[in-house]
Amino acid sequence: MPRGTAHDLIGLLLRNGRSLILRNDDGGEWRLDAPSGAGKLAGRRVRVTGTRDGFDLLAVRSFEAVDGHIGGHKSAARVPSVRASVIRRCTSALFPNRSPR
């Protein structure tokens, strides 16, 4: 996709140091050149509209939370994150005779 193309994406908004990254639901990640208020949505699913401004850089025009729609209203529910270490511990507790991969 060439620079200057418009994008409307949905994904998980993450912090990477002082910058923001959108982990797209369809795969891949975008660095975001976003307004300072976007950081308050870190850890949530968001819709980002913007213009490609580099290889993996998106100049953000707008963003909004899209998680937890209940009755047409957006809730402040956070997206749960499960780490691989937690999954390994649970798996080993449930299946003690199974060898780790």
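Residue numbers count from 1 along this sequence. Note that the structure is a prediction, hence the values are computed from the model and not measured. Just so you know, these numbers use all the heavy atoms, side chains as well, and skip hydrogens, waters and symmetry mates.
At least one side-chain heavy atom of Leu13 sits under 4.5 Å from a side-chain heavy atom of Leu20. Within the 4.5 Å cutoff, no side-chain heavy atoms of Val46 are placed close to those of Ile10. Here the side chains of Arg47 and Asp8 are in contact, with some heavy-atom distance below 4.5 Å. A heavy-atom distance below 4.5 Å is found between the side chains of Pro35 and Val60.
In terms of heavy atoms, Leu57 sits closest to Asp33 at CD1-N, 3.9 Å. Of all the heavy atoms in Phe63 and Gly37, the pair that sits closest is CZ-C, 3.7 Å. Nearest heavy-atom pair, Leu9 versus Leu58, reported as atom, atom and distance to 0.1 Å: CD1-CD2, 3.9 Å.
In this structure a side-chain-to-backbone donor-acceptor pair under 3.5 Å is missing from Arg15 to Arg18.
Between the CZ atom in Arg45 and the CG atom in Asp25 there is a gap of 4.5 Å [rounded to 0.5 Å]. Residue Leu22 holds its CG atom at 11.5 Å from NE2 of His7, rounded to the nearest 0.5 Å. For the atom pair CD (Glu29) and CD1 (Ile21), the distance works out to 5.5 Å, reported to the nearest 0.5 Å.
Remark: Arg23 CZ is loosely packed, at most 12 non-hydrogen atoms of other residues, nucleotides or ligands lying under 6.0 Å away.
For the residue pair Arg61 and Thr51, a side-chain donor N or O sits within less than 3.5 Å of a side-chain acceptor on the partner.
Residues Trp30 and Leu41 are members of one and the same hydrophobic cluster, defined by side-chain heavy-atom contacts under 4.5 angstrom among Ile, Leu, Val, Met, Phe, Trp and Tyr.
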